[in-house]
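Report on one structure; see the data block that follows.
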Amino acid sequence: GKDVPRSWSSLPGYDTPCSRADLEEVLLAYSVHNPRIGYTQGMSVICALALTEMEKEWAFWFLVYVVRALPYKFFHSTARTEVNLFITIVEHHAPMVK
């Protein structure tokens, strides 16, 4: 989808065919894991950030944890501003993810 290439635009140096494939794989796995939410815009940025620091399996479980920790419908109603705010919070409180 269109979100995968855009997800890497804020992470220079990580945009490779392999990183895009990993991101698509993790997002697809998540949508199968949680069909109630599936994939929504904003997840790709969070997942891309996780993939810069961890293997695909860990990035998947990180995404599972993040989505569970956020209020229901966070990804349904969020805009790019909120996603960027979330990334800032993660960078501040969990710098090992950055």
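Residues: numbered from 1 along the sequence shown. Atom set for the values below is all heavy atoms of this structure, side chains included, hydrogens, waters and symmetry mates excluded.
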Going by heavy atoms in the side chains, are W58 and E53 under 4.5 Å from each other? no
Answer yes or no: is there a side-chain heavy-atom contact under 4.5 Å between I46 and V67? no
Is the shortest heavy-atom distance from the side chain of S44 to the side chain of L27 under 4.5 Å? yes
Measuring from atom NE2 of H33 to atom CG of L63, what distance do you get when rounded to the nearest 0.5 angstrom? 9.0 Å
Less than 4.5 Å apart, any side-chain heavy atom of M43 and any of I37? yes
Do the side chains of V64 and L28 join up, straight or via other hydrophobic residues, at under 4.5 Å, putting them in one cluster? no
As an exercise, state the distance from CH2 of W61 to OH of Y30, rounded to the nearest 0.5 Å. 10.5 Å
On a heavy-atom basis, which atom in T52 and which in L49 lie closest, and how many Å separate them? OG1-O, 2.6 Å
Can you name the nearest heavy-atom pair linking K56 to D22, along with the distance? CD-OD1, 3.2 Å
Close side-chain approach of C47 and F60, heavy atoms under 4.5 Å: no
If I take atom CZ from residue F62 and atom CD from residue E57, how far apart are they, to the nearest 0.5 angstrom? 15.0 Å
